[in-house]
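As structure tokens, the structure follows; a few thoughts come after it.
Every chain is numbered from 1 and lettered A, B, ... according to where its sequence line falls, protein lines coming before strand lines.
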Amino acid sequence: MSDELPVDRERVLQHLTQMLRIRVFEDRCAEMYTKGHIRGFLHLYNGEEAVAVGVMQALSADDAVVATYREHGHALARGVPMNALMAELFGKVTGCSRGRGGSMHIFDKSRNFFGGNAIVAGGIPIAVGLALAFKMQKRNAVSVCFFGEGAAAEGEFHEALNLASLWKLPVLFVCENNQYAMGTALARSEAETSIATKATSYRVSSQTIDGMDVFAIENAARDALTNIHAGKGPMLLEMLTYRFRAHSMFDAQLYRSKTEVEEWQKHGPLITFTKRFKERGLMTEDDYQRIEREASKEVDAAVQFAEESAFEPVNELMRFAQAETQP
Amino acid sequence: MSDELPVDRERVLQHLTQMLRIRVFEDRCAEMYTKGHIRGFLHLYNGEEAVAVGVMQALSADDAVVATYREHGHALARGVPMNALMAELFGKVTGCSRGRGGSMHIFDKSRNFFGGNAIVAGGIPIAVGLALAFKMQKRNAVSVCFFGEGAAAEGEFHEALNLASLWKLPVLFVCENNQYAMGTALARSEAETSIATKATSYRVSSQTIDGMDVFAIENAARDALTNIHAGKGPMLLEMLTYRFRAHSMFDAQLYRSKTEVEEWQKHGPLITFTKRFKERGLMTEDDYQRIEREASKEVDAAVQFAEESAFEPVNELMRFAQAETQP
Amino acid sequence: MTYREAIRDALREALKSDARVFLMGEDIGMYGGSFAVTKGLLAEFGEERIRDTPLSESAFTGAGIGAALAGMRPVVEIMTGNFSLLALDQIVNNAATLCHMSGGQLPVPLVIRLGTGASRQLAAQHSHSFEGWYAHIPGIRVLAPATIDDARAMPGLALKCSDPVLIFEHIGLYNMEGELTSSWPQADIEHAAVRREGSDVSLITYGASLFKCLEAADALAKAGVNAEVIDLRTLRPLDNETIFASVRKTHRAVIVDEGWRSGGISAEIAARIGESCLYDLDAPVVRVCTREIPVPYPRHLEEAALPQVAEIVASVQDMMGKAA
Amino acid sequence: MTYREAIRDALREALKSDARVFLMGEDIGMYGGSFAVTKGLLAEFGEERIRDTPLSESAFTGAGIGAALAGMRPVVEIMTGNFSLLALDQIVNNAATLCHMSGGQLPVPLVIRLGTGASRQLAAQHSHSFEGWYAHIPGIRVLAPATIDDARAMPGLALKCSDPVLIFEHIGLYNMEGELTSSWPQADIEHAAVRREGSDVSLITYGASLFKCLEAADALAKAGVNAEVIDLRTLRPLDNETIFASVRKTHRAVIVDEGWRSGGISAEIAARIGESCLYDLDAPVVRVCTREIPVPYPRHLEEAALPQVAEIVASVQDMMGKAA
Ligand SMILES: Cc1ncc(C[n+]2csc(CCOP(=O)(O)OP(=O)(O)O)c2C)c(N)n1
Ligand SMILES: Cc1ncc(C[n+]2csc(CCOP(=O)(O)OP(=O)(O)O)c2C)c(N)n1
Ligand SMILES: [Mg+2]
Ligand SMILES: [Mg+2]
């Protein structure tokens, strides 16, 4: 635990800000979906904010991030501008992928944010390849790969973890175990329900973390990164968390009870955080209100930016069908 | 160990016969390859005979077998007639797949022998599906799936083992760990080199067995089948064995030393078996000679049969492009 | 009845009438199906026959092959065509080869249902139309129901077949409402259907594009051009006779396909027309296909990428102008 | 020099001249490559740059994509086309889409080398020709070297490209001996090559079938028919101009492809000729392709399944007889 930073007021407000930005952003996305500004599949991150925020706090700008179709939170925590993100969801040319990707395909090369992948587990081998390059280039960077517990059933998870471990590559695997893959509870899809345990098949060291506790997550990520930087090979962190909203906007949630959802919500990352740090005197209700207001304003501005932005001209449809630059 | 049968002279000779038939058959295949009667890829089973023989002894006719491209031994031990097998390698219409499959694609539906699969790990999901059918049909049958240790790196291994365990299907997974996948030593392809350990990721119980000891193999298989029949779900047996010959007929074996091969050969399934049971007075050198002669004669006959058989007429090339019968 | 309900009814009938039939796929049970096709079937038939699977496309498709070999009649659902690429080894290397290479011993009566196509802004990893691509593979059959009748009939017909059958259901059609006609029980999977008779040009299509072609034909009729519209229904094997008969009558063909143009099913149809009807043609065959890019997310670009009615109409008009 | 050596030399040169280049694949190092292409490179360049991988086609192909995104120039070897189906998700859903769907941010300069084709009696899971099938996918390039020059030039040219490039090496050509001509450094991956000039018919082909076509052209010459032979070299994008120019000159086209006919690259070529050269044709385009079955093991059936010289000659003669 040598890498833990002290928990002071500054860091408490910083983490709260990051989590609240995501929460408010996601809620607004749902609204924008209902209004028809956002279309396609929309997967929200409510309830899981602590994971992206905690992990990103531990990274440096050189590290690479690979995420899934449920990646708005990761993009925001990584520093992708909210305007570009919202514009992307609106399908506007000012979006971070020129509006071509939408919610499931957020890319920002300048921030080493490599998506946004809508094939479950499809990003894991890519993250391994980024790490391979970093190692060969003797860069001191790590590749961080987020995926759901459902992805652990895919063959690509298995192949990629073995490869990363065999070659001792600098990858931090972060499994966001939110208990469900769409409507399938973990116990209905995995004979062994501990993803951390599966890591032993690849001699990847692993840890199970309370995915609602942002500082625990940050500390675990810092420790893991220290080991990875020391050349000990990849590591897997399993974050126990919960998705508060539906899987996507088409989901009647027949597979879980309201009570279950409410029970988890009581232990949500924002509620527990606020309670704890108010008690410890590191933040006040006023702080919360102010930060939430600021987040709201930022989201307002992002919506306005997205609304006012132009669509990519149709005559650019075929652009980037091939790369425009030579390697 | 309640399922062990007594080791008596009858069973000693029976196992010896099965193993020798395979050994002699494989050696003759190499010869026939050199002569140009067999073409394509030819993967021989020398050194691993105890695995197929031991496991098959434990099976009943209703059980299904799925193997790999290195499956002559399995076919013989399963009771596929040697004539049909050799004819298949010669590409003759009297072959068990009408000559269409060759060495890597031995099929005999009447014996529930489902191949012969030349995609590494490709047969594993099929074996799981056979077991699923058996379970749904409430048949008391088991599906037995052979694959190499190299196959354990493939995603299909991972997905299939989880599925079998999750649904508690009657599958016996038999990993033939002969230390190499083509030229790749296990430690150069797996971060965790115990395949048995990997089974824990799927809550599949597993055991590591001396793959040179045919009775140990048979006993382990019998025990496993008892558990599987009792509805305890699939099981994995890892057989530690060694391939005495090259991977296929195109292999200079640059990846291993002669000494290593010779060391393993000293502990080969036939040598150790003969030594042990001669010592225990259950067989004699005469027995060995006689059985080997008989095997040779059987192989002679099979070669003759194959040579004399006709090729499938070219005008039947398109037959079975679609199934001829309705389901 | 919707297209979705028609498929569900067909599955229900198969489950009721044949104990060997079962369904397997991701979220087909508790969730009700990612496109709600299988909704309610879990309650009706139970977990043994409506099997939610883990996210393991290759394993459960392969398991479908194995179960089929052992006498069951599995219906595997793969949510969308893009995900089926994860199971392609099982489909192409095993399902499609086993019957022929075993010398006829091992037919694989497996049915795979897949969502296909764009129109819902699902972007580059959920919108592609691979049915024409699959139609390249010997040993499988490829169906593409466009109408309520075909949605109702095809699952049952596929289950009557001993070969692996892939049914591509266009995700833009699931909500389509319509009446089941009395002739649906006579549907087959051997023949294409002439959905509109005409004499001036043959619009050859399938799936959701059928409705764009019918709309284009209406528009063309107003301009005095009488278009025949062919719904291929089955992409492998193709029904040459219906295609050729139409082209021999109209002397002009426009193929409309939501797949990409190069090497798509549109190419095969054009090639066959060229081989068999060259001297019947009054103009080169025209193909209206999806632009050769991953389908983008925003509505305006998705629409621009896909074949549209205006483009079909313009192609025909252009062609009529050029008539020999 | 053999075709195999030509590729090896190209790889060696790339490894020497560009520190970003590395090789990755099953048994390319210690074993020396399943078809011995990479033999000796491990000793020369070491384990860091000649990487033996586990049997994990999807993961190491995906890792190639990731490494390419981070500035490396990976050359991934997949032993044969059939196995590449296990990596198809990575190739089609990721490598082929990332550049376009990221709005140009993420080109994927990845080279994938694959063995392809029949001729060595490897049967139904090792013999198929998927290069034409891959050519359907936007976002990738597909190369098929047939000559020593192209084998020598194409890996380097592929590495100069920012798009994913698949190089299909015909396993029947690896042992082919020949001289490297002085013009190999001028090779490009934009153009098809006229390998033999002729005036009566265009034989359009690529890969190992090139040599069958040249042999057929020799036989035809003796019978007084002057065949032009086009080696496509690149299957995506196709070089329309060279094809059309030839057909406009000869007025007849025979496409010879070791892939299956329906929906193969042969269909695309025929369709394009029909679209652009309809009025130049004196006869319908003919396709000589592999029979639509999994390629069987025994020599006589493998031969019967594949395009052969006699069939090419007969097709041309038949066509000349029917000439308009
Ligand atoms: C290969 C593939 N199969 C299926 C899907 C459809 N799908 C999208 S998200 C999802 C659930 C994934 O669950 P998990 O990995 O736990 O992530 P979560 O959504 O819970 O964050 C499924 C089945 C897909 N996108 N890709
Ligand atoms: C998917 C796939 N990749 C690669 C190959 C080529 N190949 C054939 S056998 C083999 C080695 C397999 O090793 P293992 O599973 O240990 O079985 P063994 O040959 O040792 O019995 C390889 C790489 C293949 N047939 N299929
Ligand atoms: Mg989940
Ligand atoms: Mg092995």
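The cationic group of R120(C) lies under 6.0 Å from the six-membered ring centre of F250(A) and within 45° of the ring axis, placing it in a cation-pi geometry.
Aromatic rings from Y255(A) and Y180(A) are positioned such that their centres are separated by under 6.0 Å. Between H74(A) and F146(A), a ring centre-to-centre spacing shorter than 6.0 Å is recorded.
With a 4.5 angstrom heavy-atom cutoff, S58(C) does not touch chain A via any of its atoms. Both the backbone and the side chain of S34(C) come within less than 4.5 Å of a heavy atom of chain A. Only the backbone of L89(A) comes within less than 4.5 Å of a heavy atom in chain C; its side chain stays farther off. For M104(A), the part lying under 4.5 angstrom from a heavy atom of chain C is the side chain only. Interface remark: E57(C) contributes backbone and side-chain atoms alike to the contact with chain A (heavy atom separation under 4.5 Å). Contacts of A152(A) with chain C are absent, with no heavy-atom separation under 4.5 Å from either backbone or side chain. Using a 4.5 Å cut-off between heavy atoms, L86(C) contacts chain A through its side chain alone, with no backbone atom that close.
Among I119(A), L254(A), V314(A), the residue making the largest number of heavy-atom pairs under 4.5 Å with chain C is I119(A). Most heavy-atom pairs under 4.5 Å with chain A, from the set L55(C), V295(C), N82(C): that is L55(C). Chosen from S97(A), A321(A), G150(A), the residue pairing most often with chain C at heavy-atom distances under 4.5 Å is G150(A). The greatest number of non-hydrogen atom pairs below 4.5 Å with chain C, out of V120(A), L186(A), D251(A), is found for D251(A). Ranked by non-hydrogen atom pairs under 4.5 Å with chain A, the options D27(C), T80(C), I293(C) are led by D27(C). Ranked by non-hydrogen atom pairs under 4.5 Å with chain C, the options H247(A), M182(A), R100(A) are led by M182(A).
The line from CZ of R70(A) to CG of N178(A) is 6.0 Å long, rounded to the nearest 0.5 Å.
Exactly one of F113(A), Y45(A), F25(A) qualifies for a ring pair (Phe, Tyr, Trp, His ring centres under 6.0 Å) with H72(A). That residue is F25(A). The residue from E190(A), E238(A), E192(A) that alone fulfils the salt bridge (Lys or Arg N to Asp or Glu O under 4.0 Å) condition with K198(A) is E190(A).
Of all heavy-atom pairs between I124(A) and C145(A), the closest is CA-SG, 3.7 Å. For the pair R49(C) and L15(C), the tightest heavy-atom approach, listed with the atom from each and the gap, is NH2-O, 2.7 Å. The nearest pair of heavy atoms linking T38(C) to I28(C) is OG1-O, 2.7 Å.
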